[in-house]
Amino acid sequence: MAASSPGWLRRLFRDKKLGAIGLVIVLVFLFCGVFADWLAPFGMNQISPVNRLKPPSAQFWFGTDHLGRDMFSRVLYGARLSVIIGLSAASIATFISVTLGIVSGYFGGKVDMLVQRVVDAWMSFPELIILIAVVSVIGPGMPQIIGVLGLTFGIGGSRIIRGAVISVRENMYIHATQSMGAGTLRVLLRHILPNIMPPVLVLFSTRVGGVILVESGLSFLGLGVPPPAPTWGGMLSGAGRTYMYMAPWLALAPGLCLTAVVYGINVFGDALRDLLDPRMRGSR
Amino acid sequence: MRAYLVRRLAALVPTMLLASLIVFVTVRLLPGDVIDMMIAQNDIGSKVTRDALEAALGLDKPMLTQYFNWISAILLHGDFGRSLWQQAPVSDELLARLPVTFELGVMALGVAMLVAIPIGILSAIRQDSWSDYLGRSFSILMLSIPGFWLGTIVMVFPAIWWGVSPEVRYIPFREDPLGNLWQLALPAIILGTSLSAVTMRMTRTMMLEVLRQDYIRTAWAKGQSERGVILRHALRNALIPVVTLIGLQAPILIGGAVIMEQIFVIPGMGLLLLEAVSRRDYPIITGVFLLVGVVVMLINLLVDLSYGLLDPKVRYR
């Protein structure tokens, strides 16, 4: 598998400067998320009425909100939530995409027909609308958000994997393995799966950004992870919104972080696609 | 052409039925009892008993019967049920809100095309120049900025600096066409620029591919002006996949419209959905959900039909 050799990393830094910047942003973001406990000067929900709505200063880097909570700490913990949601939902999504894509692409025929019609119907609904409808029934909360985001993105992404499987399926080495009497499962896992790894990796990396963006939109609408959890989307909505006119820094920090992270993931994903799977260029 | 249209419409039927099944399953079958939630969240519980509520919603019947009743009422009578709160037919509400979202969507799409196609062309004909680089960076940036944040910034900062804030009361088009367009312009621009990112990249990629074709060399060789080569020969051929993209982006556009309607208080389908969610008004939620799916499918059908206008080589069989 070409993806695991360090060659692509060297080429990333040599040929894809923007992608390398993206990788650095992503690494900083992961670092902040993992070590939020050590990095944050205050607790995420530590209230301090004396320090309400303080502008950014040496003590409070990003200022404080209407309850006197330190925005810098909250943004750091927000990074952790985004890391958790982004990685787990994107993993679920990729797993679903790969399973559906392989089944649909490898077996073809009636199975393919059936799966593709369901995917068609599913893809005519905006992710946000499905999520809003689901959350309205089961209530907001982290596990259900991760599950539904994973499912929604997973079904949509299965098309890309299906395409890759179909192009791999007709290769001579697959026919050779089949004629040597290898079982279906063995063909799928040992021969098809390793050969579709590049699009799978690219799909996963772009999914992380998509998930983070949609989750923040959902939290912004008050339907994501409920407050006081410091999600970036949630920090831009709710009670904080009325105070933004007095304390504009409340509107800046979470949005800037969100934009930077998604930008980093996007440019890194783009570079990764160019390096690993040039055929996918331009598709999105 | 007519045979093609009939066949396409026939093919839509199973997909739409599947879509309606998805809506039904999503809203009615998920864990978490709708009735419990309604009694807990609303004060309906004090006025109506649980059994009466179940009977009124038809939830006491077997699942398959419920689905059949629901879908046949929609198909035969256009009856989406009644709102749990206003007792008004959901279809009336949907019809009142759909044009608003449609207008916002069309304006956003217009903005997206106006931004994306010229920049995409420029990026392609000046490949690897600084303007190409700038255009591509801009497009990835627009893809990364969440619309709700841009909307918030646009609301907050002009208010602080100049004391300007957008009108909160919605101006209907019939009352004041210009005021209405002006009010929708800001959300449409925000929605449109974020949408333009993907379109711009697609335009660029397709233009680059088309510009390498033999017939473009022929056009140059016969002494046609740059303008003629780019617009008459290249763009027209490059545009077909770009149009397909519009169909693929329809769900993204509608999702974005929900957020814009919330920020700018525009009474479209998105705001209706969010209001219904906060009041747990399930007939409205299912109605919006289903209507959005059907609209997206019809947009994709229109996109497919438009190929014939753009590309004379396409014949519908």
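Quantities reported herein were computed from a predicted structural model and do not represent experimental measurements. Just so it is clear: chains get the letters A, B, ... in the order the sequence lines come, proteins before strands, and each one is counted from 1.
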Taking every non-hydrogen atom, the tightest pair across [X] and [Y]:
| X | Y | answer |
| --- | --- | --- |
| Pro126(A) | Pro251(B) | CB-O, 3.2 Å |
| Met297(B) | Ser124(A) | CE-OG, 3.3 Å |
| Leu18(B) | Ala121(A) | CB-CB, 3.8 Å |

Can you tell which part of [X] gets under 4.5 Å to a heavy atom of chain B, answering side chain, backbone, both or neither?
| X | answer |
| --- | --- |
| Ile212(A) | neither |
| Trp122(A) | both |
| Ile130(A) | both |
| Tyr263(A) | both |
| Leu252(A) | both |

Is the side chain of Trp149(B) donor-acceptor paired with the backbone N or O of Ala251(A) at a distance under 3.5 Å, no angle test?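 Side chain of Trp149(B) to backbone of Ala251(A), a donor-acceptor pair under 3.5 Å: yes, one is there.
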
If you round to the nearest 0.5 Å, how far is [atom2] of [Y] from [atom1] of [X]?
| X | Y | atom1 | atom2 | answer |
| --- | --- | --- | --- | --- |
| Asp270(A) | Arg201(B) | CG | CZ | 4.0 Å |
| Leu221(A) | Leu274(B) | CG | CG | 5.5 Å |
| Ser144(B) | Ile265(A) | OG | CD1 | 9.0 Å |
| Ile254(B) | Ile129(A) | CD1 | CD1 | 7.0 Å |

Just checking, is any N or O donor in the side chain of Asp120(A) or Thr15(B) under 3.5 Å from an acceptor N or O on the other one? no

Please look at [X] and chain A and tell me whether the side chain, the backbone, both or neither of the residue comes under 4.5 angstrom of a heavy atom of that chain.
| X | result |
| --- | --- |
| Ile285(B) | side chain |
| Met155(B) | both |
| Ile22(B) | side chain |
| Leu141(B) | both |

Verdict with reasoning, Ile259(B) to Leu128(A), per side chain to side chain contact (heavy atoms under 4.5 Å, CB included): CA-CA 9 Å; Ile259(B) 287 182; Leu128(A) 201 63; 3.8 Å; yes

Between Ile263(B), Ile252(B), Leu290(B), Val295(B), which shows the greatest number of heavy-atom pairs under 4.5 Å with chain A? Ile263(B)

Counting only heavy atoms from other residues, nucleotides and ligands, does the tally under 6.0 Å from CZ of Phe102(B) exceed 12? no

Find the one option among Val148(A), Leu131(A), Leu223(A), Leu256(A) whose heavy-atom pairs under 4.5 Å with chain B are most numerous. Leu256(A)

In terms of the angle between their ring planes, are Phe125(A) and Phe289(B) parallel, tilted or perpendicular, with boundaries placed at 30° and 60°?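 Taking Phe289(B) first and then Phe125(A), their aromatic rings stand perpendicular (interplane angle over 60°).
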
